[in-house]
2 protein chains.
Amino acid sequence: MGKVTIKDVARRANVSVTTVSNVLNNSGRTSPDTIRKVRQVIEEMEFSPSASARNLRDKKSHLIAVVVPFLEKGRLQDNPFYWHLVLGVEEGARNHRLHVILLGVDEEESFSFVQERHLDGLIVVGTYEQSPIFKKILSLDVPCVFMDSYLSDPNLYQIYLDDEVGGYLGTKHLISLGHRRIALLTGKILEGGVSHMRWLGYCRAMEEAGLPYDPDLIREEPVSTIGGYQAAQYITDARKQITAVFVFSDVGAMGLIKGLHELGVQVPRDVSVVGFDDLFYTDYMLPSLTTVKQDIAERGNIAVQLLLDQISEELRYDSRKVVLPVSLKVRQSTAPVSPHHDENRAD
Amino acid sequence: MGKVTIKDVARRANVSVTTVSNVLNNSGRTSPDTIRKVRQVIEEMEFSPSASARNLRDKKSHLIAVVVPFLEKGRLQDNPFYWHLVLGVEEGARNHRLHVILLGVDEEESFSFVQERHLDGLIVVGTYEQSPIFKKILSLDVPCVFMDSYLSDPNLYQIYLDDEVGGYLGTKHLISLGHRRIALLTGKILEGGVSHMRWLGYCRAMEEAGLPYDPDLIREEPVSTIGGYQAAQYITDARKQITAVFVFSDVGAMGLIKGLHELGVQVPRDVSVVGFDDLFYTDYMLPSLTTVKQDIAERGNIAVQLLLDQISEELRYDSRKVVLPVSLKVRQSTAPVSPHHDENRAD
DNA sequence: CTGAAAGCGCTTACAG
DNA sequence: CTGAAAGCGCTTACAG
């Protein structure tokens, strides 16, 4: 039956394609009668205008991409964090009649698709200043919103959490429970990156409490589930005298708790654990996880807003950087340091 | 600086646009020398051909959409299952130079975007024969692959799990551990749907073992995390004498275990629990979850394959229905029915 | 208020 | 082996 085009509509409605187009775009140059007639024909013929043709004219695709760098070769990450985020983006995009392409990229990626598809914008997750991906994206000259990237260029649009405060809150909570030997599972700490900021918050809390900083307490292992799991051995090393661990992701915290459990160490009785993200399932873990909470889906929403601001060049937010608040969600994986602890570790 | 077009390339290379196009598409009608020259200019000018223009000509967009119906109003589901699935699709699509649009739809959705964007195909998750969404999609006349939908029309391309066997394996495992009162948390059971198939497997296992079917054991609550959590009360009702529960999703199983825990019921000592999906974190739960395993990401991959088969009209698979195997992953959430159980429940 | 025409950037018969 | 030209389905000055 072939696709119905604007020409078909024009013929059937006895008007020119110009007029149909004007009706389509509510240009206001058309008489009410004509509008009615054309609309009816459009309805009858189930006409929907070709996006390709429009894009070709307007150099706009109404298409944005969420770009997520791979960790593992060729496969995106398990962490449900990304799913929540993408859901937020999808929701935000839908409200603005935009479609979202999901894209995993590695360092080989040429990003030619951005030009090819005339993408309206990019939402880039988890890159950093030294990343080759970051450099390529910059040279693209396309509207971008960077998430969790702490880029120094003030002209870039960015959205991130108040990571320093997150690091501070989690640490402070543990300190208030009497913990003094607080380990950190950070993931790779890059100058000015997310982990770095959280680490700074940790340092501030420790210093405020007059607690010494011990590099032995900091583990830069990946904060994946398996990474947390594997860290359990280190954490329980008696010489470290660790009574609490702050893991910079919920999936990592889950792995750690599992690992500790298998080593016969109970959470929170023997070791307290704090996570980061507040994934949907943390409330259902055993024990439920004390964690630093963020509204991940909301971030996705705001990312779309910020992208549109940039495209339309009218700032809805005060600045090009949007910092979202975090809060501490206290659950059952943290407890006061137990008096018998030191004895246990003594032998 | 303005986008470089094929015209610019032609001019700079001293050839016609036809020739550039021929080089671009490896038509074989061009002399090696010309090819070399044109390729160099393309490189120099960083030319990448406009997808819009191509799409307009070819009526192909190299764009597919993953369509996921909302559960909650306006927001997609938390279940990481979808994330795994979408990752699989993204991976499959990438290998075939396709891009993936992610789209949440409700029953109001007009699906006009399919025509507007000349989508090459759709991967539709979790619909069913009576669904208005299903009907709309059919009338679209676009290549589709349906997942988990059990549609009777033999002309449709479908991919699903061996759900009946999944239901059978999980139930049989519990029976082999001595359980006789095995409850089911199914989610809504629709004639011929996923839950229905799994339920059939349950019935087969029960019957084989000579165990009576008791409708009181079947709960059609949603198998979301919270759904599982809320079912705990019912499960522990002493009169039901339930010693094992088979939950048709891992997230639901997690919720249930949490709910049971809060009621003082221990898993697997008091009640055994089997899940379904084998999400990445089930190995890290406490207790780790016995569950019916499927390769979710692989499904996404195959969905893309199947879609391409349909587009190119060459069957790579024997049939239009691909059924993927499931297996039982035994972990720590199931145990032999305990002898003290009946006594406990007696009071 | 309406329409004829140019043009967006490609590809593909067609001619040479 | 190469090129001039038509056409994909729109939108937008421009003219009336």
Side-chain angles (χ1 to χ4, degrees), chain A residues 1-39 41-42 45-63 97 112-120, chain B residues 1-39 41-42 45-63 97 112-120:
Chain A
M1 54 172 206
K3 175 101 177 56
V4 179
T5 76
I6 197 173
K7 244 189 204 158
D8 304 320
V9 175
R11 197 170 321 146
R12 175 97 82 106
N14 279 316
V15 294
S16 69
V17 293
T18 307
T19 299
V20 178
S21 178
N22 279 143
V23 171
L24 238 33
N25 298 295
N26 300 311
S27 70
R29 297 185 222 162
T30 333
S31 79
D33 270 3
T34 312
I35 292 182
R36 210 170 304 122
K37 186 175 55 179
V38 171
R39 287 231 173 102
V41 175
I42 287 177
M45 306 185 78
E46 293 183 343
F47 167 71
S48 50
S50 153
S52 313
R54 278 186 167 166
N55 297 345
L56 181 57
R57 275 244 9 162
D58 305 346
K59 274 99 181 61
K60 289 177 57 181
S61 61
H62 298 278
L63 214 50
R97 329 196 104 267
S112 58
F113 62 87
V114 173
Q115 302 217 2
E116 286 168 11
R117 289 218 189 263
H118 298 292
L119 292 187
D120 287 356
Chain B
M1 57 172 203
K3 174 102 178 52
V4 178
T5 76
I6 197 173
K7 244 187 204 161
D8 303 321
V9 174
R11 196 168 322 145
R12 175 97 81 105
N14 279 317
V15 295
S16 69
V17 291
T18 306
T19 299
V20 178
S21 178
N22 279 143
V23 172
L24 237 32
N25 297 295
N26 300 311
S27 69
R29 297 185 222 162
T30 332
S31 78
D33 269 4
T34 313
I35 292 181
R36 209 170 305 121
K37 185 175 54 179
V38 171
R39 288 232 173 98
V41 174
I42 287 176
M45 305 185 80
E46 293 183 345
F47 167 70
S48 51
S50 153
S52 313
R54 279 187 166 164
N55 297 344
L56 180 57
R57 275 242 10 160
D58 306 345
K59 275 99 183 61
K60 289 178 55 182
S61 61
H62 298 278
L63 214 49
R97 328 197 106 268
S112 58
F113 62 88
V114 173
Q115 302 219 0
E116 286 167 12
R117 289 217 187 264
H118 298 292
L119 255 33
D120 287 356

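For clarity, every value in this text was computed on a predicted model and none was experimentally measured. Proteins get letters first, then strands, A, B, ... in listed order; numbering begins at 1 in each.
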If you define the side chain from C-beta out and look only at heavy atoms, does anything of A:Arg97 sit under 4.5 Å from A:His62?
no
Between B:Arg117 and A:Ser61, what is the shortest heavy-atom contact and its length?
NH1-O, 3.0 Å
Tell me yes or no: between the side chains of A:Ser21 and A:Thr18, is some donor less than 3.5 Å from an acceptor?
no
Reckon A:Ser21 touches a base, only the sugar-phosphate, or nothing at all at heavy-atom distances under 4.0 Å?
base
For a quick check of understanding: with a heavy-atom distance under 4.0 Å over all strands, which category does A:Ser31 fall into, base, sugar-phosphate or nothing?
sugar-phosphate
For D:dC14, give its Watson-Crick or G-U wobble partner with both distances under 3.5 Å, or none.
C:dG3
Classify the nucleic acid contact of B:Thr30 as base, sugar-phosphate or nothing, counting any heavy atom under 4.0 Å across all strands shown.
sugar-phosphate
What does B:Asn25 touch in the nucleic acid at a heavy-atom separation under 4.0 angstrom: a base, only the sugar-phosphate, or nothing?
sugar-phosphate
Go nucleotide by nucleotide along DNA chain D from the 5' end; which of B:Gly28 and B:His118 gets its closest nucleotide reached first?
B:Gly28
Bounds of contact between DNA chain C and chain A, in 5' to 3' order, using a heavy-atom cut-off under 4.0 Å
C:dC1 to C:dG9
Is there a donor-acceptor pair under 3.5 Å between the side chain of B:Lys3 and the backbone N or O of B:Ser48?
yes
Can you see which heavy atom on A:Ala10 is nearest to which on A:Val20, and at what distance?
CA-CG2, 3.7 Å
Does B:Val4 offer a backbone N or O that forms a donor-acceptor pair with the side chain of B:Asp8 under 3.5 Å?
no
Determine the contact category for A:Arg29: base if any of its heavy atoms lies under 4.0 Å from a base atom, sugar-phosphate if only primed atoms, P, OP1 or OP2 are that close, otherwise nothing.
base
Looking for any heavy atom pair under 4.0 Å, which part of the strands does B:Thr34 touch: base, sugar-phosphate only, or nothing?
sugar-phosphate
